[in-house]
Protein chains: 2
Amino acid sequence: MITIKDIAKEAQVSEGTVDRVLHDRGGVSQKTKEKVEKILEKHNFKVNPVARALAMKNKFKILTLTPNFDTNNVFWKSPYLGILKAKDEVENYGVDVENYFFNQFDPSSYLEQFNILIKSDPTAVIIVPTFMTETKQIVNQLEQLNIPYLFLNIDLDGFNNISFIGQDSYMGGYVAGKLMHLSLGKNTSTLVVHARLNLTNYHAISRRIEGFNDYFIKNNIKNKVLTLSIDGFNNDASIEKKINSFLEEHQEIKGVFVPSSRVATIANAINSNYLAKLQIIGFDNTKQNIESLATDQVAFLISQKPFEQGYESIHLMSDFLVKNKIPKNKIYSPIDILTKENAIFNERNETDFESFEQLSYE
Amino acid sequence: MITIKDIAKEAQVSEGTVDRVLHDRGGVSQKTKEKVEKILEKHNFKVNPVARALAMKNKFKILTLTPNFDTNNVFWKSPYLGILKAKDEVENYGVDVENYFFNQFDPSSYLEQFNILIKSDPTAVIIVPTFMTETKQIVNQLEQLNIPYLFLNIDLDGFNNISFIGQDSYMGGYVAGKLMHLSLGKNTSTLVVHARLNLTNYHAISRRIEGFNDYFIKNNIKNKVLTLSIDGFNNDASIEKKINSFLEEHQEIKGVFVPSSRVATIANAINSNYLAKLQIIGFDNTKQNIESLATDQVAFLISQKPFEQGYESIHLMSDFLVKNKIPKNKIYSPIDILTKENAIFNERNETDFESFEQLSYE
DNA sequence: ACACATTTCGTGTGCGTACACGAAAATAAA
DNA sequence: TTTATTTTCGTGTACGCACACGAAATGTGT
């Protein structure tokens, strides 16, 4: 392993000079700079990230801005746990991680939390860019301060985010279409249920529906798709009423596609006599959803490894800061197909983390 | 962050003494040992793995023993690539990784390579325990030398391996059964094709078949399962002849289940007029198999993330050595359901690694 | 009491890098 | 040329831990 000292000796300069060249700190004459660079190149020198981390202790601060979660809306817990796990791991590299949360249904809370966040002088930021207009403002500030930022889970175009980590929504819907087709055969009717005012993931949701429909179109399969919009997902009684009367009217419906993580809520709302005859497909491996897989209420879940998304986002950013690794522009999570049987194998990482065991010291 | 120095100060001893207590090196009186331990406990002290790694430079050597691969049998390339990627990452922790390969059809080559490996004085070993008898001998040596070992991909019971990383074969087959059922409906016939003399993964293969059959039994679904054994997979012409004449005889067969990674070979051997009418399901995301998904020869692949298996095995062992993390006894890989559509999203990590980009220095 | 062995512990150095400080060299101003 | 100024660079210390070396403390036998 070649070290800075080796380079210095070969270039007949001091270690300090090599360091200045490496980090472009200036104060080196053009001549010696070139000499050192040539030797660096020749040996394909890479700084030892471990030593660097030790020396840099606490020089980096990654702040995250993600939606909060509660018992009703638990999806965002997974990325958060992933972030926590990664936080533990990058701490020793001198990277500090702190989390800020906002209400995913309230744009002003998004901005507000960002304004608190930015005061802590972050080295880099990871955000779930839930609202378009507000994200533009946020990004403006970040770019002025020269702070790198990464988009998590929601993919907005037209920004200079160093990367995006999340699922290809269109293809997620497309796969859902395929599974629906497999389960039902041709010539059936399916119902798409979504919230009317889902500002949050509007983009993702509509892309999923698009993909779902396209599957049938592109493969030339007849499938009558009905759509039911629901006003928010908070009033269980009204959901029940609405969906069951709709199913009453449209007895031909054999499958239900819920292009969001609220599929368990929908499944629970459906009367059991309808439920038994329906193939329901939805998104995300929340606890509730997994439960409804297990009880055969839901046939398939398309999952996107939210835990890993959070986990990876921190590592990606940490590697960017510590090791100067340039990430890919878009990092697509797997489109996991979950059934009753394979679901438990899928959430391994997350449950492992929650029951994390480690000796307290050597 | 609490350091050894802090502990030493609080215990009114030197750093050296704390170090001796931490590593149980002896030479510390019972009294001071207890005093130090109490303070260690109180602060939940953990050594900084980064500093430890820097100080321990090149003290650890992980050796792997895995089957080799070639163009005909490419499955084992993925774990190897995963191992290579991890090797890069753990190098800076003072962990050295070296790989040894054996012929997975030849027990003596397995033993032979191990005997070469063991001479290099490994700190820990990762093996794919392909042969039972020989593994017993190998493990014997390892345990006498007090060398920790981990099983990769193949799960043998009755050993003191610190962990197993791989798939639950039974459940893999079970999920395959479910997919077959979904594709074909009830009351059909399916064909299970496997090699007659597959010493290699005999255990895994038979567990998969078991799971496959159990799906239909447990869910009370009629399905006539026929079985076709093939002598090795090397003579393409003989495979073609055998399988097509079998399909000729049994026109009722609607699905083919290949409980191994050789599914593409089988699919290629089948005449196209049969092929179009068959649902074929097999295992593993090899290049050939993915290809046959894309061309609609194969309907589903059950994949087990071999790249990640290799990758994780190194990190697990490295964490065990460097950070003294105790791994879980069994680590099950996901049972990934691959289709034409989602396959490309599944192999991300692996392809990312092959086209790995990183600045040469800071 | 002494000499000696043994146990117990403190000090110092190295791992590879970051960065502050100040010295030497080069340049500009007098 | 001398002095002041700027540019260029070398030295030293810190990061937290592992481990070698040897000193101090304790114990043993006479």
Side-chain angles (χ1 to χ4, degrees), chain A residues 1-37 39-40 43 45-60 90-96 123 321-324 361-362, chain B residues 1-37 39-40 43 45-60 90-96 123 321-324 361-362:
Chain A
M1 160 159 283
I2 189 119
T3 72
I4 286 183
K5 198 194 275 182
D6 300 327
I7 300 287
K9 202 185 293 171
E10 184 165 340
Q12 292 171 300
V13 295
S14 75
E15 298 178 39
T17 301
V18 177
D19 177 75
R20 275 181 281 266
V21 173
L22 275 175
H23 298 85
D24 218 356
R25 292 192 214 283
V28 181
S29 71
Q30 191 61 26
K31 211 179 63 187
T32 56
K33 186 180 173 188
E34 277 166 14
K35 183 168 62 173
V36 170
E37 273 174 342
I39 295 174
L40 246 19
H43 294 328
F45 176 85
K46 293 197 183 70
V47 292
N48 179 333
V50 174
R52 174 181 165 88
L54 188 60
M56 294 276 286
K57 212 101 249 303
N58 292 335
K59 285 277 156 68
F60 301 118
V90 300
E91 190 190 20
N92 299 303
Y93 279 97
V95 177
D96 205 28
T123 325
L321 298 175
V322 177
K323 309 181 191 169
N324 280 72
Y361 54 87
E362 247 268 30
Chain B
M1 160 160 286
I2 189 117
T3 73
I4 285 185
K5 197 193 274 181
D6 301 326
I7 300 287
K9 200 185 292 171
E10 184 165 340
Q12 290 173 301
V13 296
S14 74
E15 300 178 40
T17 300
V18 177
D19 177 74
R20 275 181 281 266
V21 173
L22 274 175
H23 298 84
D24 218 358
R25 291 193 215 281
V28 181
S29 72
Q30 191 60 26
K31 210 179 67 189
T32 56
K33 186 180 173 187
E34 276 166 14
K35 184 169 63 176
V36 170
E37 273 174 343
I39 295 174
L40 246 19
H43 294 330
F45 175 85
K46 293 196 185 70
V47 293
N48 179 333
V50 173
R52 174 182 165 86
L54 189 59
M56 295 275 287
K57 212 101 251 299
N58 293 336
K59 286 277 158 69
F60 301 119
V90 300
E91 190 190 20
N92 299 303
Y93 279 96
V95 177
D96 204 28
T123 324
L321 298 175
V322 176
K323 310 182 191 168
N324 279 72
Y361 55 87
E362 242 271 33

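The shown structure was predicted, so the numbers you read here are calculated from the model rather than taken from an experiment. Protein chains get the first letters and strands the later ones, always in sequence-line order, with residue 1 at the start of each.
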J.: Closer than 4.0 Å, any side-chain N/O of B:His23 to the OP1 or OP2 of D:dC19?
T.: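 Indeed not, no polar side-chain atom of B:His23 lies that close.
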J.: Can you identify which nucleotide, out of C:dA18, D:dG10, D:dC17, has its nearest atom closest to the A:Ile4 side chain?
T.: C:dA18
J.: May I ask you to verify if any side-chain N or O of A:Thr3 is less than 4.0 angstrom from the OP1 or OP2 atom of C:dG16?
T.: no
J.: Please list, chain by chain and in numerical order, all residues satisfying salt bridge (charged side-chain N to carboxylate O under 4.0 Å, His left out) with A:Asp96, sequence neighbours excluded.
T.: none
J.: For DNA chain C, whose closest nucleotide is more 5', that of B:Ala55 or that of B:Lys33?
T.: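 Taking each residue's closest nucleotide, the earlier one in sequence belongs to B:Lys33.
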J.: Just N and O in the side chain of B:Thr17: are any of them under 4.0 Å from OP1 or OP2 of C:dT8?
T.: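 For C:dT8, neither OP1 nor OP2 has a side-chain N or O of B:Thr17 closer than 4.0 Å.
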J.: Could you tell me the separation between the CE atom of B:Met56 and the P atom of D:dA20, rounded to a whole number of Å?
T.: 11 Å
J.: When you match A:Gln30 and A:Gly16 each to their closest nucleotide on DNA chain D, which lands nearer the 5' end?
T.: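 Result: A:Gln30.
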J.: I'd like to check A:Tyr93 versus A:Leu54 (side-chain heavy atoms, cut-off strictly below 4.5 Å). Are they in contact?
T.: no
J.: Take atom CG of B:Asp6 and atom C1' of D:dA14, then tell me their distance rounded to the nearest Å.
T.: 15 Å
J.: With a cut-off of less than 4.0 Å, is there a side-chain N or O of A:Thr32 near OP1 or OP2 of D:dC9?
T.: yes
J.: What's A:Val13 touching, base or sugar-phosphate or nothing? Going by heavy atoms closer than 4.0 Å.
T.: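 The residue A:Val13 makes sugar-phosphate contact but no base contact.
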J.: What is the distance from CD of B:Glu15 to C1' of D:dA18, rounded to the nearest Å?
T.: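 Going from B:Glu15 (CD) to D:dA18 (C1'), I get 11 Å.
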J.: Check whether any side-chain heavy atom of A:Asn48 lies under 4.5 Å from a side-chain heavy atom of A:Arg52, and answer yes or no.
T.: no
J.: For B:Ser29 and C:dC9, is the shortest distance between a side-chain N/O and OP1 or OP2 below 4.0 Å?
T.: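 Yes, within the criterion.
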J.: In whole Å, what is the span from the NZ atom of A:Lys57 to the C1' atom of C:dT17?
T.: 14 Å
J.: Return the nearest nucleotide to the side chain of B:Val47; candidates are D:dA18, C:dG16, C:dC19.
T.: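 Nearest listed nucleotide: D:dA18.
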J.: Considering residues at least two apart in sequence or located in another chain, which fulfil the side-chain hydrogen bond (donor to acceptor under 3.5 Å, both in side chains) criterion with A:Glu34?
T.: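 Once residues adjacent in sequence are excluded, the partners of A:Glu34 under the side-chain hydrogen bond (donor to acceptor under 3.5 Å, both in side chains) criterion are A:Gln30.
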J.: Determine the contact category for A:Asp19: base if any of its heavy atoms lies under 4.0 Å from a base atom, sugar-phosphate if only primed atoms, P, OP1 or OP2 are that close, otherwise nothing.
T.: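 Since a base atom lies under 4.0 Å of A:Asp19, the category is base.
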J.: Of all the choices, C:dA18, D:dG16, D:dG10, which nucleotide is nearest to the side chain of B:Leu54 once you look at every atom?
T.: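 Nearest nucleotide to the side chain: D:dG16.
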J.: How many whole angstroms separate atom CG of B:Asp24 from atom P of D:dC19?
T.: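 After rounding, the gap between these two atoms is 14 Å.
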J.: Does A:Arg20 make a side-chain N or O approach to OP1 or OP2 of D:dT8 shorter than 4.0 Å?
T.: no
J.: Mapping A:Arg25 and A:Lys5 to their closest nucleotides on DNA chain C, which lands nearer the 5' end?
T.: A:Lys5
